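Okay, so here's the structure we're looking at.
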Amino acid sequence: MDSPTGPQGSQPAPPVAPQQPPPPPIPPDPPGVEDPLPFARGGRGAPARAGVVLILIGTALLAAQLLPGVSIWMLWPLFIIVPGLVQCFTPDQEGYSAHRFFDGLTTVAVGLIFLGNMTGYLSWGVWWQILQLWPVLIISAGLGILGTSLGQEWPRVLGSVVVLLAFAYAAMNAYAGSPVRFVGVPGGEPFAYSEPVGSVQDANLKLSAGVGEVSIDSGRNLVSIVGESPFSAPSFSKTVTGSTANVGFKLTDEGNFMVFPGATTARVDTELSDAVTWDIEVDSGVSSFDADLSGVPVRSMRLKTGVSSNRVTLGEVPVGVPEATLSIDTGVSSVKVLVPDQAMVRVESSSGLTGHRVSPGFESQGGGVWQTPGYDQAVDSASGVWTIAVKSGVGSVTIETY
C-alpha cells in the first residue's frame, strides 16, 4: 500500500507560480548622441558641477596670490566667466552648436567687463556707454528671431557677434576715457557761474548732477562752475549770512533724458576757494567724479552716487577742526581716496560685493575698519583726524597715501 507521501515517500511538489513576462528591452542611445542635459541629471552632472566649483576657487586663489593688490573678493565676476566658458563647450538639447558657443562668449564678455571694473582697469562708466548702445540689443533679438524662423544658425551667431562688438567698442572707449560717438552730434549748451569770496569764511556747497562728468578743484573765487549740458539750463543759487555762504547747483535732466548712440553727457567743472572752510554735499548718478581737494580746506564731504567712477584727493585737516569727515554712499562703482602721508585716518567700510585695497600704512582693526597708527592718540588730543566712511554695493574701494 502506497504511503501518503507518494510511491517513494517524497513530499508533494509545491505549486508553481505563474511566470511573469520579461520587461521590454531598453533601446540603446543612437551612436554618437550624448546626454543633452548632463548638469540636470545624475551621473556626470555632479562631478561636472564640482569641477566648475574647483575651477572657480582655484582661479580666484591663484589670482589673489600672483596679482599684486588683488583681493579674492574682487574676483566674484569669475562666477559669470566660468559658467560662460562651460556653456561654450557643452551641448544643449540641440547638441553642440555655433550659436551656443557665441552665447557663452557673450556671457564671458559680461564677466570680463565686471572683472575690469573690480580690478580698476575699466571705469564703471563703461556700463553707461553700453547703455547708450541699447539699439544693438534690438538688432540682436531680431537676428535671433530670424534665425529661429528660418531654421538657420548663422543669423543667431551674427546676433551674438553684434553684441560682442558693442561690448568691445564700449570697453575700448571707457579704457581710453573718450565718450561714445558714432556721428558728429553737437555738444550741450555751455554755462558758467562765478561768485567772489567777499567776507565769507565758511561755506556749504550742495551740488547735484545726474548723468555726466563732475570735477572739483581749488580756485581763487568763492565758487566757479563751468561746463555744458544737453538738458535744461542748470540752476545756481547763493545766499550769505554773516560770514557763512550757502551755494547750490543743480543740473537736472528731468523731462529731457535721452539715451542714444553719440548722446552728449553733461560736464560740470567746479573750483572752490582755498581761503574758505567747506562742507560739501555731492549727489551724482551715472557719472565720473574727480575731486582734488588737496588745496581746499574741507570740514566734511558727503558723496552719494550710483554707477560711477570716483576719485577723491583729500588735503590736511583744517586748523581748528578736530575731526574732518568723508562719507561715500555708492551703488555700483569704484572708489579711490588719496590722503596725505602724515594724516591720521580711520576708514570704515560697509560693503557688499566689494574689493578693498588699503595702503600698507594702515592697520586692520577687523570688521572692515582700518586706521593709521596714532589715530586714537590724535583723537584724544583733538589734533585733527580724517574719518572716512564708505558704503558700497558692488565695486572696489582703494585707499592710498600721497
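Atoms considered below: every heavy atom in the structure, side chains included; atoms not considered: hydrogens, waters and symmetry mates. Please read all numbers here as calculations on a predicted model, not as lab measurements.
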Contact check, side chains of [X] and [Y], non-hydrogen atoms, under 4.5 Å:
X	Y	result
Ser334	Ser309	yes
Leu105	Cys88	yes
Val345	Ile399	no
Leu272	Val247	no

Please lay out, stage by stage, how Asp279 and Arg299 fare under the test salt bridge (charged side-chain N to carboxylate O under 4.0 Å, His left out). CA-CA 6 Å; Asp279 294 292; Arg299 179 169 37 226; 2.9 Å; yes

So CZ of Arg346 and CD1 of Ile388: to nearest 0.5 Å the spacing works out to 11.5 Å

What distance separates Leu314 CG from Asp292 CG, expressed to the nearest 0.5 Å?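 Output value for this atom pair is 10.0 Å.
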
Between Trp127 and Phe114, how do the two ring planes meet: parallel, tilted or perpendicular, split at 30° and 60°?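 Rings of Trp127 and Phe114: tilted, as their planes differ by 30° to 60°.
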
Return the orientation label for the Phe89 and Phe101 ring planes: parallel under 30°, perpendicular over 60°, tilted otherwise.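 Correct class here is perpendicular.
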
Which atom pairs, one a donor and one an acceptor, fall under 3.5 Å between side chains of residues 359-368 and the rest of the protein, sequence neighbours left out?
unit_1 : atom_1 : unit_2 : atom_2 : d
Ser359 : OG     : Gly361 : N      : 3.4
Ser364 : OG     : Gly366 : N      : 3.4
Gln365 : NE2    : Glu363 : O      : 3.1

In sequence, state the C-alpha distance, the side-chain angles, and the governing distance for Thr305 and Ser284, and then conclude on side-chain hydrogen bond (donor to acceptor under 3.5 Å, both in side chains). CA-CA 5 Å; Thr305 182; Ser284 65; 3.2 Å; yes

Does any N or O in the side chain of Thr148 come within less than 3.5 Å of the main-chain N or O of Gly144, such that one atom is a donor and the other an acceptor?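 Here the side-chain-to-backbone pair exists.
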
Backbone N or O of Ala98 within a donor-acceptor pair of the Glu153 side chain at under 3.5 Å?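 Yes, because the side chain of Glu153 sits within donor-acceptor range (under 3.5 Å) of the backbone of Ala98.
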
